[in-house]
Amino acid sequence: MPDTDASQPTHLPVHFVAQAIDEDLASGRFDQVVTRFPPEPNGFLHIGHAKAICIDFGMAQRHGGKTNLRMDDTNPAKEEQAFIDAIQEDVRWLGFDWDALTYASDTFDQLYGWACALIKAGHAYVDDQTAEQIRANRGDLNVAGTASPFRDRPVEESLDLFARMKAGEFEDGSRVLRAKIDMASPNMVLRDPAMYRISHAHHPRTGDTWSIYPMYDWAHGQGDWIEGVTHSLCDLSFEIHRPLYEWFITRLTEIGERPAGVDHGPRQIEFARGNITHLITSKRKLKHLVDGGHVEGWDDPRMPTLSGMRRRGYTPEAIVRFWTEAGVAKRENNIEHAKLENVLRSDLNAKAQRRMAVLDPIKVTITNYPEGQTEVFPAQNNPENEADGTRDVVFGRNLLIERGDYKPNANRKFFRLTEGREVRLRWAYWIKCNEAITDADGNVTELLCTYDPETRGGDNPPPDAEGKVRKVKGTIHWVQAETAVDAQVRLYEHLFEAENPEDVPEGQTFLDHLNPDSVTVVPAKVEPALAQDHPGVPLQFERHAYFVRDAEDSDGTPVFNRTVTLRDTSRKG
RNA sequence: AGGCCUAUGGUGUAAUUGGCAACACUCCAGUUUUUGGUACUGGCAUUUCAGGUUCGAGUCCUGGUGGGCCUGCCA
């Protein structure tokens, strides 16, 4: 379990799911809390799943309960072992540990037995209609459906057919087992929903032993029940399935079928999934981005997948805290991406060691500093955390600073270098700009500056004769030209400029909202310490942004991914 | 013969269940600062509408309106 005291403020309100669970405990409906996180292993987990994970594990944690990780592997046509592995890695990365790892496929035998029991009790039947016929006979929102001609076939016949479905005698799609509920129900889910379909697909865990597979509605609730889940928490899209969820448990209970050692059926509670501006969290659309080559893979740092965010430099603590602070309710929502960034920066500000990196260099020569001489200064690693100590930075006559930190004849609102103005080089000296050298095209190629030996370490110089202390408005970062290391820096922006990428005009798709400039790769000159920093460790390039080193170098030079920029409240002159 | 859910600042959530509408983010204005970062201070609402009950309504009642979801052999 994650270290919750630091990342989860205690003043946050208790949301309605937590309240409902508290009431269930108080009323004695349940005497413990058991939850589950039930992903379908058909893709990678994303930021939206993280909300469900936080709620599922969080609600159990709150009462010292248990949470199972259950792979919802009921549709072998879509599911893969690789996803099963990746899901576990992502859940662990977020900081959660499950009580048991289970699989819906663990329950296939039990489910089959119960399905037979429901057939015998007259609650289910084998339907020989085609999918098209079933759809046509379902009716619509305003018209009742019509019963299948097979709805009232003899129990023995359904039982026999169902056994033969299982034995693999029939072709895919030729028959289904349906629950016999109410073809006139205003809730379409209850118009005799399918419980089993025939599929000869190879299952990652059960291989070819089954030629029928249970539908979600049939497998899920019973899986909860078997595992002793007390609270089955899911998103709003399953709200209308709750009557069916409860119908199965009620019918089974009536005919004396129930899992061993479990008293009460689970309670399903639905909450609104969390949307975030500029982000897409549809597995189908994310897959589209990958398959279409719009991103470089599921773990592309621009992807809202947990693997992508991890590579981007997000910390699991920030993600958990984000969802904790976002709250849980039942209304549609679209949380500003800025909120995510705020929580991220807050976490990174405390953790990231500071470094100096120049992304767009311009030469600076300190004309009054001896040729060939160097000095080493200690630079604080993190002003927010004294314990992070210092590192050495090398100073010399030839430096590199950010091109944008010089501006010819700038006004007073510009705090950095301009002719005659003095700035502080962080951790080194104050320098004054005397002259800018330009090439034939008028581009500035070099700045000639002088340093003040009395400002060693960047400190204020001693007071003058009248007791006045000279001050400087700006502090800029720099690297020494000879010792600077080459690096590749990847600057990421929103993948989608639009606040709601899914909200597109007629004739367009979400792909039309793709930001063509979502990544910019630039060469940079960075301080030597950065060559020693390890992938995955949060860093801050001072005055720029938070970065993280990528696991893979580019032609031998280190690569740094921009996690999120620093806030910039300046209105630069 | 449609059903279910939902409505509180720009955004996301609160409101001890009938008692001064609160917290966070954004934005704006300042203070501090060896990062134009951080930190700190201040500012930003007729609770979807119309009636009603009440000393008192975001909360209760009546009637509207807006938004979301549902007709897979997906989950």
Side-chain angles (χ1 to χ4, degrees), chain A residues 9 11-15 38-40 42 72 74-75 77-78 104 127 129-131 134-136 138-145 172-178 184-189 191 193-199 212-213 215-217 219-220 234 236-243 270 272 274 276-277 283 325-343 345-346 349-350 354 356 379-380 383-384 413-416 424-428 430 455 457-460 472-477 499 540-545 565-573:
Chain A
H11 65 272
L12 289 171
V14 177
H15 55 70
E40 182 187 14
N42 69 342
D72 218 335
T74 58
N75 187 1
K78 293 185 177 176
D127 194 344
Q129 293 182 107
T130 64
I134 288 178
R135 191 180 318 126
R138 186 150 29 222
D140 65 29
L141 269 14
N142 299 303
V143 178
D172 286 9
S174 59
R175 270 170 250 261
V176 288
L177 181 72
R178 289 228 259 171
S185 172
N187 183 348
M188 303 296 286
V189 172
R191 319 253 264 222
M195 293 171 65
Y196 278 95
R197 76 285 220 182
I198 299 172
S199 167
I212 53 172
Y213 290 95
M215 303 293 294
Y216 166 85
D217 285 304
H220 195 85
C234 58
L236 253 25
S237 61
F238 296 103
E239 198 160 33
I240 57 165
H241 292 247
R242 184 165 10 107
E270 312 85 12
I276 302 170
T277 61
K283 265 190 200 175
E325 290 188 16
V328 181
K330 291 189 77 165
R331 57 180 144 169
E332 289 298 310
N333 59 78
N334 205 9
I335 308 169
E336 288 174 342
H337 196 272
K339 172 66 180 174
L340 217 207
E341 293 179 357
N342 174 272
V343 174
R345 287 194 189 100
S346 164
N349 180 50
R354 315 285 122 128
M356 294 198 285
Q380 206 175 5
E384 304 295 318
K413 292 195 172 176
F414 187 77
F415 299 163
R416 294 103 92 196
R424 172 189 292 113
L425 292 182
R426 187 138 225 227
W427 311 118
W430 291 17
T455 57
D459 293 330
N460 288 358
V472 83
K473 267 295 220 182
T475 298
I476 65 173
H477 61 277
E499 268 208 356
Q540 182 194 107
F541 291 3
E542 290 205 72
R543 305 209 301 131
H544 278 300
T565 61
L566 255 25
R567 266 179 96 230
D568 183 2
T569 55
S570 68
R571 278 160 300 161
K572 293 168 182 170

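Chain letters run A, B, ... following the sequence lines, proteins first, then strands; residues in each count from 1.
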Mind checking the C1' distance from B/A7 to B/A14? Whole angstroms is fine. 16 Å
Stems of at least 3 consecutive Watson-Crick or G-U wobble pairs (donor-acceptor distances under 3.5 Å) involving RNA chain B, listed by first number, are B:2-7 with B:65-70, B:10-13 with B:22-25, B:27-31 with B:39-43, B:48-52 with B:60-64
With sugar-phosphate meaning primed atoms plus P, OP1 and OP2, does A/E40 contact a base, only sugar-phosphate, or nothing at under 4.0 Å between heavy atoms? sugar-phosphate
The side chain of A/D459 is closest to which nucleotide in this list: B/A1, B/C70, B/U34? B/U34
Nearest to the A/H15 side chain among B/C73, B/A1, B/A14, which nucleotide is it? B/A14
Length of the line joining A/K283:NZ and B/A75:P, which is rounded to integer Å: 11 Å
Sugar-phosphate only, base, or nothing, as touched by A/V472 at under 4.0 Å among non-hydrogen atoms: nothing
A/H220 ring center near A/H241 ring center (under 6.0 Å): no
Would you say A/R345 places a side-chain N or O within less than 4.0 Å of OP1 or OP2 belonging to B/C25? no
Distance, P atom - from B/C25 to B/C40, rounded to whole angstrom: 9 Å
Answer with base, sugar-phosphate or nothing: what part of the nucleic acid does A/A329 contact at a heavy-atom distance below 4.0 Å? sugar-phosphate
Can you tell which of B/U71, B/A1, B/U38 lies closest to the side chain of A/R191? B/A1
Intermediate values then yes/no, side chain to side chain contact (heavy atoms under 4.5 Å, CB included), A/M356 and A/I476: CA-CA 10 Å; A/M356 294 198 285; A/I476 65 173; over 6 Å; no
Whole-Å distance, A/E239 CD to B/G67 C1', equals 15 Å
Using a 4.0 Å heavy-atom cut-off across all strands, classify A/N342 as base, sugar-phosphate, or nothing. sugar-phosphate
Whole-Å distance between B/C5 P and A/H241 NE2? 15 Å
Describe the nucleic acid contact of A/I476 in one word from base, sugar-phosphate, nothing, applying a heavy-atom distance below 4.0 Å. nothing
Without decimals, in angstroms, what is the distance between A/M188 CE and B/U71 C1'? 3 Å
Result for 5'-nearest mapping on RNA chain B, choosing between A/K330 and A/F238, is A/K330
Check every strand shown and say whether A/L141 touches a base, only sugar-phosphate, or nothing at a heavy-atom separation below 4.0 Å. base
Roughly how far apart are A/T455 OG1 and A/R424 CZ, rounded to 0.5 Å? 8.5 Å
The side chain of A/P186 lies closest to which of these nucleotides: B/U71, B/A75, B/G2? B/G2
Please give the distance between the C1' atoms of B/G9 and B/U47 as a whole number of Å. 10 Å
Mind checking the C1' distance from B/A50 to B/C44? Whole angstroms is fine. 29 Å
Side chain of A/W430, backbone of A/L425: donor and acceptor closer than 3.5 Å? no
Just N and O in the side chain of A/T569: are any of them under 4.0 Å from OP1 or OP2 of B/G37? yes
Does A/T74 place a side-chain N or O at less than 4.0 Å from the phosphate oxygens OP1/OP2 of B/A75? yes
Keeping A/R191 on the side-chain end and A/S185 on the backbone end, is there a donor-acceptor pair under 3.5 Å? yes
Rounding to the closest angstrom, what is the interatomic distance between B/U31 and B/G37 at atom P? 13 Å
Select base, sugar-phosphate, or nothing to describe what A/R543 touches, counting heavy atoms under 4.0 Å on all strands. base
What distance, rounded to whole Å, do you find between the two P atoms, one in B/U59 and one in B/A15? 15 Å
With A/H477, the side-chain hydrogen bond (donor to acceptor under 3.5 Å, both in side chains) member among A/R426, A/E542, A/R543: A/R543
What's the gap between B/U71 and B/U17 when it is taken at their C1' atoms, as a whole Å value? 39 Å
Which whole-number value in Å describes the distance from A/R567 CZ to B/C27 P? 6 Å
Between A/N349 (CG) and B/C40 (C1'), how many Å, whole number? 14 Å
Rounded to whole angstrom, note down the P distance from B/G58 over to B/G52. 15 Å
The residue, A/E336 or A/V143, whose nearest nucleotide of RNA chain B is more 5′ is A/V143
Does any N or O donor sit under 3.5 Å from an N or O acceptor when you compare the side chain of A/E499 with the base of B/G10? no
Applying side-chain contact (heavy atoms from CB on, under 4.5 Å), can you list everything that pairs with A/E270, at least two apart in sequence or on another chain? A/C234, A/L236, A/E239, A/R242, A/Q268, A/K330
Does the B/U13 base have a donor-acceptor partner in the side chain of A/E325 within less than 3.5 Å? no
With a non-hydrogen cut-off below 4.0 angstrom, is A/Q380 in contact with a base, only sugar-phosphate, or nothing? nothing
List the steps, then state whether side chain to side chain contact (heavy atoms under 4.5 Å, CB included) holds for A/V176 with A/I134. CA-CA 10 Å; A/V176 288; A/I134 288 178; 3.8 Å; yes
Can you find an N or O donor on one side and an acceptor on the other, under 3.5 Å apart, linking the side chain of A/R135 with the base of B/G72? no
Once you apply a heavy-atom cut-off of 4.0 Å, does A/R138 come out as touching a base, just sugar-phosphate, or nothing? sugar-phosphate
What's the CG-P distance between A/N333 and B/G9, to the nearest Å? 14 Å
B/C74 OP1/OP2 closer than 4.0 Å to side-chain N/O of A/R197: yes
Please work out if A/P383 contacts a base, only the sugar-phosphate, or nothing of the nucleic acid, heavy-atom cut-off 4.0 Å. base
Could you state the atom-to-atom distance from CG of A/L566 to C1' of B/A39 in whole Å? 14 Å
